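Whatever order the structure lists ligands and atoms in, that order sets their numbers, starting from 1. All figures in this text were calculated on a predicted structure; none of them were measured in a lab.
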Amino acid sequence: MARGREFSALPSFAVEKQQWPGVGVTLALSESAVELRTTAGSLRMDNATGRWVLRDARARVVFEAAACGFEGPRPRLALVLRDGESIHGLGEMTGPLDRRGLVREFWNIDVLGHASCLHSGLRSSYVSIPFALNLHRGRAAGLFWDNPARQVWDMGHASPDRWSLRADSGEMDLYLFTGPRVPEIVERFTELTGRTPLPPRWALGYHQCRFGYTSRAEVERVAAEMRRRRFPCDALWLDIDHMDGHRVFTFGKRFPRPREMLAKLRRAGFRVVAIANPGVKNDPKFAVLRRGRALDAFVKDAGGRRDFVGKVWPGRSRFPDFLDVRVRRWWAREQAKFMRAGLDGIWCDMNEPALFDTPGKTLPGDCVHRPAEKTTATHAAVHNLYGQAMAAAAREGALLAKPRERPFVLTRAGYAGIQRHAAVWTGDNSSTWEHLAASVPALLNLGLSGVAFCGTDVGGFLDSPTPELFARWMQLGALMPFFRNHSNKDSRPQEPWEFGPEVERICRDAIRLRYRLRPYLEQCFTEAHERGWPVMRPLLFHFQDDAVAAACNDQFLLGAHLLVAPVLAPGVASRSVYLPRGRWRDVWSWRAFRGGRHILAPAPLDRVPLFVREGAGKSVAIRKLRV
Ligand code: GLC
């Protein structure tokens, strides 16, 4: 729905599949209403008020709009919420799995620019995916509003039975999914927005990162220690300290002879991923800046003629207009040149984009982009696409550098469809038990929003974990889709041997468990690639008729067969675990349990309660898990 007679020329950055087979539609027009009918259901809209009702094939109400239209330039919609209806998905979120009663603002932010840390009261995050999966009496439905401007969804907060959605500008480009099965909806949503490509095998291993390893010698020391202590580890990461004065795609003096360093690490079995931030240092001698200017590649200020200049890590910087396909191609070439030194992946950070010195801590809303030929857009209208478009360029660059390998890109910011371009990590968390626990619903909602390849900073980024917290985080991390230990400059060292011999042994076992599970994980990633299903799934994904399973915030399914009940609190020796219907085996004792009830599972520090679903025996990987 658009205001006026014309639709906007802004292409969708979310939708991958543009061509769909035709469907037979019957159109019934009366004086008061329009009704569209297909074999899947019907949509009836009242002419005078814009109110509409979507029904499924059996004429059951799926969504009912109490209001729909424009308030000045702002599209808005109000839906009726029913008793017991829960709301999930919504991309990257803090707080519980069910978002009903809360407000979500889709506006990508660098959380630390706005709050002291991630917390459950936050309305915005680094990634915006305006997609919801609702569950009501065991039946699911989905809604996606493709509009990259700021959107605010009040989901029963101001009024318990009303879900109000509004955007600052743009159109009402709605996709409604009648369900009623959860997997079907995720499958369909990812058919529309694209699926996670198969990652390189090494990317499913353990990753070691830190802000920052400040010299080549330090990276080599960590690598040597990893091997000496017999930790399986596939990747080491370079944060911003590898650069020359924070100039993107460079190595500074403390990283001499990078080719030699990377070749040596490769021989020791490490892949290396380096960070790339969008801000290009405004240094007239800097070759990347010069080439970018020659191409007129940067976002313009409000007048539309001069490049906008703002501050971020390198100091004053210009910002590539990734929405422009020519700029993405250029960036891909720059990145490929850099990667040819021997890098295996790229980590896109600060791509909300985050700025240090503007009032909104991002590009001003009146800056100008060029998303398509002869089409301009204000930054405010396309803000949530910036990180996504950078990640798309990064994937293209990785493919250019290594055309025969599966690319690996990690991103902090994104929009619906980000899974086509990159894995996502949830940004700057803290080393607290609350943030460990919050990792679970955050990753589950991301998974329901199409992002199968995701993880949190293991051990916590800000502050320092206690040995116990670190051990528990490594145990959870080993069962997350993306498994990277990362910490901040002023955190204490967080390599897995830094917490004493007992925790070192526990961490090694946790990592080894992941490697034993890797064939199974690969099956899960194949499912993500082929059907869009999350790797880490809420219980409701397979047990949507079970109200206890649907409300579960602190357990998850890894693929269809493995149930994980991580320990998320200190001082725990056992924990209560809900087993949904069916028969389950405790992976450690091989004891069998009938599901549909809670049990108490032993959870000493060296063990994470893990259950395998009966019937999974065919999976070789699972059988091997038996100890
Ligand atoms: C941002 C990132 C963090 C990184 C740091 C320095 O805070 O979220 O992961 O270590 O910047 O580059």
Side-chain angles (χ1 to χ4, degrees), residues 92 94 108-119 122 124-127 207-215 218-219 222 235-252 254-255 272-281 311-315 317 343 345-357 361-362 386-387 390-391 394 408-414 418 422-431 435 438-439 442 446 454-465 473 477 480 482-495:
E92 185 182 64
T94 49
N108 291 349
I109 58 166
D110 173 5
V111 170
L112 290 190
H114 298 256
S116 57
C117 67
L118 282 165
H119 59 83
L122 281 174
S124 297
S125 189
Y126 306 91
V127 174
H207 300 249
Q208 180 65 47
C209 186
R210 177 163 176 85
F211 174 30
Y213 296 131
T214 54
S215 65
E218 199 177 339
V219 174
V222 172
L236 295 176
W237 289 56
L238 303 177
D239 204 322
I240 51 175
D241 294 296
H242 74 269
M243 295 184 218
D244 170 17
H246 295 158
R247 286 171 187 81
V248 67
F249 303 142
T250 62
F251 284 98
R254 294 174 64 82
F255 286 79
V272 180
V273 181
I275 198 165
N277 292 334
V280 179
K281 190 173 177 72
K311 256 195 189 159
V312 65
W313 290 120
S317 308
L343 289 162
I346 285 290
W347 168 18
C348 299
D349 190 23
M350 307 295 277
N351 54 343
E352 294 71 29
L355 270 79
F356 293 160
D357 63 342
K361 299 286 166 73
T362 187
Y386 193 83
M390 182 193 185
F408 176 76
V409 176
L410 182 74
T411 183
R412 195 170 73 172
I418 186 60
V424 169
W425 102 104
T426 59
D428 299 340
N429 58 4
S430 309
S431 301
H435 282 197
S439 306
L446 258 177
C454 54
T456 61
D457 280 348
V458 170
F461 177 70
L462 302 170
D463 307 322
S464 302
W473 215 319
M480 296 187 319
F482 173 58
F483 181 22
R484 185 187 70 156
N485 173 354
H486 183 40
S487 53
N488 194 14
K489 272 233 138 95
D490 41 9
S491 310
R492 62 176 277 192
Q494 205 166 281
E495 289 73 37

Please report which non-hydrogen protein atom sits nearest to [atom], along with the residue it belongs to and the distance in Å to one decimal place.
atom: atom 9 (O) of ligand 1; result: H486 NE2, 2.9 Å
atom: atom 2 (C) of ligand 1; result: D349 OD2, 3.0 Å
atom: atom 7 (O) of ligand 1; result: D428 OD2, 2.8 Å

Is [X] touching ligand 1 with its side chain, its backbone, both, or neither, if touching means heavy atoms under 4.0 Å apart?
X: N277; value: neither
X: W237; value: neither
X: Y126; value: neither

[X]: numbered ligand 1 atoms lying under 4.0 Å from its heavy atoms:
X: W425; result: 8 (O), 9 (O)
X: I275; result: 12 (O)
X: D239; result: 4 (C), 6 (C), 10 (O), 12 (O)

With respect to W473, which candidate in N429, N485, D457 satisfies the side chain to side chain contact (heavy atoms under 4.5 Å, CB included) definition?
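Only match with W473 under side chain to side chain contact (heavy atoms under 4.5 Å, CB included): N429.
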Centroid-to-centroid, W313 to F356, below 6.0 Å?
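W313 vs F356: aromatic centres under 6.0 Å.
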State which residue, out of F482, F408, W237, fulfils the ring-ring contact (aromatic ring centres under 6.0 Å, His included) condition with W347.
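So the option named by the test is W237.
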Please tell me if the side chains of N351 and N277 come closer than 4.5 Å, counting only heavy atoms from C-beta onward.
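When only atoms from C-beta onward are counted, N277 and N351 do not touch, as no gap falls below 4.5 Å.
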Which atom of [X] lies closest to which atom of [Y], heavy atoms considered:
X: P278; Y: M390; result: N-CE, 3.8 Å
X: V273; Y: I346; result: CG1-N, 3.7 Å
X: C117; Y: H119; result: O-CD2, 3.3 Å

